Amino acid sequence: MNADNTKLLMDSFRDAELALAAMPELPKGITPLYIHVLDAITQLEEQGRDARVSDVAERLGTSLPGVTRAVNSLEGLGLVKKEKAAGDRRIVILRLSASGREVHEQYVVRYIDALSRLLGDISDEDAECTAATIRKVAEIMRHSRLPIVRD
């Protein structure tokens with residue numbers, strides 16, 4: 001990629017930050033990570049899988065301790081329940097409470113549906129390509145920290 005397109009791509013990340021900043025305000029005490037955790041639990045359940053902390057961390061591409069802290073906070077907020085697995089009491093299964101399901105419904109399902117209507121002119125192919133490019137750039141940058149070059 002040439003330098004002009006590299007700069008264009010990096011500048012678009014600023015635009016992405018501005019788009020994220022325009023998202024609706026979350027309820028007091030709820031962070032974007034908490035919403036992602038609720039969504040990951042829901043997705044795992046929809047696939048017929050039990051949601052464990054390790055499964056959520058893997059799905060989100062984040063650390064186990066970070067997800068554990070988020071789950072503990074979500075449990076404290078009454079949005080997530082922890083249950084012992086029937087076959088192995090050492091395994092903890094995560095479930096959304098009724099309040100957790102409502103938060104997920106409002107801040108993921110309904111919001112994404114409304115946003116999808118606003119973004120209707122963007123093709124699925126463009127969205128998939130953009131997401132793949134962002135993920136690729138993020139992965140490269142996470143593993144290749146470049147120092148500032150000084151003369």
Side-chain angles (χ1 to χ4, degrees), residues 6 8-146:
T6 299
L8 176 67
L9 186 60
M10 297 309 293
D11 288 347
S12 71
F13 293 145
R14 169 95 169 102
D15 294 335
E17 281 183 297
L18 295 172
L20 287 176
M23 291 179 71
E25 188 175 332
L26 295 172
K28 185 174 173 58
I30 297 180
T31 69
L33 174 60
Y34 296 177
I35 297 297
H36 288 289
V37 170
L38 295 176
D39 192 40
I41 294 169
T42 300
Q43 288 175 23
L44 289 162
E45 288 177 348
E46 287 172 352
Q47 294 172 354
R49 297 176 54 195
D50 285 332
R52 299 174 303 171
V53 172
S54 59
D55 299 321
V56 173
E58 182 181 330
R59 183 168 289 265
L60 297 179
T62 192
S63 73
L64 198 56
V67 172
T68 298
R69 284 189 298 274
V71 166
N72 288 339
S73 294
L74 285 163
E75 184 182 32
L77 292 167
L79 302 177
V80 168
K81 298 181 284 187
K82 295 178 185 175
E83 300 174 359
K84 300 284 185 184
D88 186 342
R89 307 287 295 160
R90 296 171 297 174
I91 297 173
V92 175
I93 306 301
L94 306 174
R95 306 249 187 252
L96 269 57
S97 67
S99 297
R101 291 196 187 289
E102 178 54 36
V103 168
H104 180 266
E105 176 70 23
Q106 181 175 353
Y107 289 92
V108 177
V109 177
R110 287 187 287 216
Y111 180 71
I112 293 298
D113 284 347
L115 191 56
S116 294
R117 289 189 293 279
L118 286 176
L119 301 177
D121 289 343
I122 298 172
S123 72
D124 289 339
E125 294 80 16
D126 283 349
E128 291 166 7
C129 181
T130 300
T133 301
I134 290 169
R135 286 189 185 104
K136 190 173 192 175
V137 170
E139 183 70 18
I140 290 168
M141 291 183 73
R142 270 196 299 271
H143 292 82
S144 307
R145 298 247 183 223
L146 293 176

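Heavy atoms only: backbone and side chains are in, while hydrogens, waters and symmetry mates are out. Worth saying up front: this structure is predicted, and the values here are computed from it rather than measured.
For Leu119, the side-chain contact (heavy atoms from CB on, under 4.5 Å) partners are Leu115, Ile122, not counting sequence neighbours. Asp121 is linked by a side chain to side chain donor-acceptor pair (under 3.5 Å) to nothing, counting only residues two or more places apart in sequence or in another chain. Contacts of Arg59 classified as salt bridge (Lys or Arg N to Asp or Glu O under 4.0 Å), with partners at least two apart in sequence or in another chain: none. In terms of the side chain to side chain donor-acceptor pair (under 3.5 Å) criterion, Glu17 has no residue partners (sequence neighbours excluded). The salt bridge (Lys or Arg N to Asp or Glu O under 4.0 Å) check on Glu58 picks up nothing, with sequence neighbours excluded. Not a single side chain to side chain donor-acceptor pair (under 3.5 Å) links Arg14 to another residue, sequence neighbours left out. Here Asp124 pairs with nothing under the salt bridge (Lys or Arg N to Asp or Glu O under 4.0 Å) rule; sequence neighbours left out. Every residue two or more places apart in sequence or in another chain was checked for a side chain to side chain donor-acceptor pair (under 3.5 Å) with Arg117, and none qualifies. Applying the salt bridge (Lys or Arg N to Asp or Glu O under 4.0 Å) criterion to Asp126, with sequence neighbours excluded, gives no partner residue.
Salt bridge absent: Lys136 and Glu139 never bring a charged side-chain N and a carboxylate O closer than 4.0 Å.
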Can Ile93 and Arg52 be said to form a side chain to side chain contact (heavy atoms under 4.5 Å, CB included), step by step? CA-CA 5 Å; Ile93 306 301; Arg52 299 174 303 171; 4.0 Å; yes

Val92 and Lys84: CA distance, side-chain angles, deciding distance, side chain to side chain contact (heavy atoms under 4.5 Å, CB included) verdict: CA-CA 5 Å; Val92 175; Lys84 300 284 185 184; 4.3 Å; yes

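The distance from the CG atom of Leu96 to the CG atom of Leu79 is 7.5 Å, given to the nearest 0.5 Å. Between Asp55 atom CG and Leu60 atom CG the span is 11.0 Å, to the nearest 0.5 Å.
A heavy-atom distance below 4.5 Å is found between the side chains of Val67 and Thr62. At a threshold of 4.5 Å between non-hydrogen side-chain atoms, the residues Tyr107 and Met23 do not count as touching. Using a 4.5 Å heavy-atom cutoff, the side chains of Val56 and Val71 are not in contact. With a 4.5 Å cut-off on side-chain heavy atoms, Val80 and Arg95 do not count as touching.
Residue Ser99 comes nearest to Gly78 through the heavy atom pair CB-O, 3.9 Å, listed as atom of the first residue, atom of the second, then distance. Contact detail for Leu64 and Ser54: the closest heavy-atom pair is CD1-CA, 3.6 Å.
For residues 96-113, every residue pair satisfying the salt bridge (Lys or Arg N to Asp or Glu O under 4.0 Å) rule, not counting sequence neighbours, is listed here: Glu45-Arg101, Glu102-Arg110. Residues in residues 64-82 take part in these salt bridge (Lys or Arg N to Asp or Glu O under 4.0 Å) pairs, two or more places apart or across chains: Glu75-Lys82.
Of the possible donor and acceptor atoms, none in the side chain of Ser12 sits under 3.5 Å from a partner among the backbone N and O of Asp15.
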Would you list the atom pairs, donor with acceptor, under 3.5 Å between side chains in residues 25-41 and any protein atom, with sequence neighbours excluded?
| residue | atom | partner | partner atom | Å |
| --- | --- | --- | --- | --- |
| Thr31 | OG1 | Leu33 | N | 3.4 |
| Thr31 | OG1 | Tyr34 | N | 3.3 |
| Tyr34 | OH | Ser73 | OG | 3.1 |
| Asp39 | OD1 | His104 | NE2 | 2.8 |
| Asp39 | OD2 | Gln43 | NE2 | 2.8 |

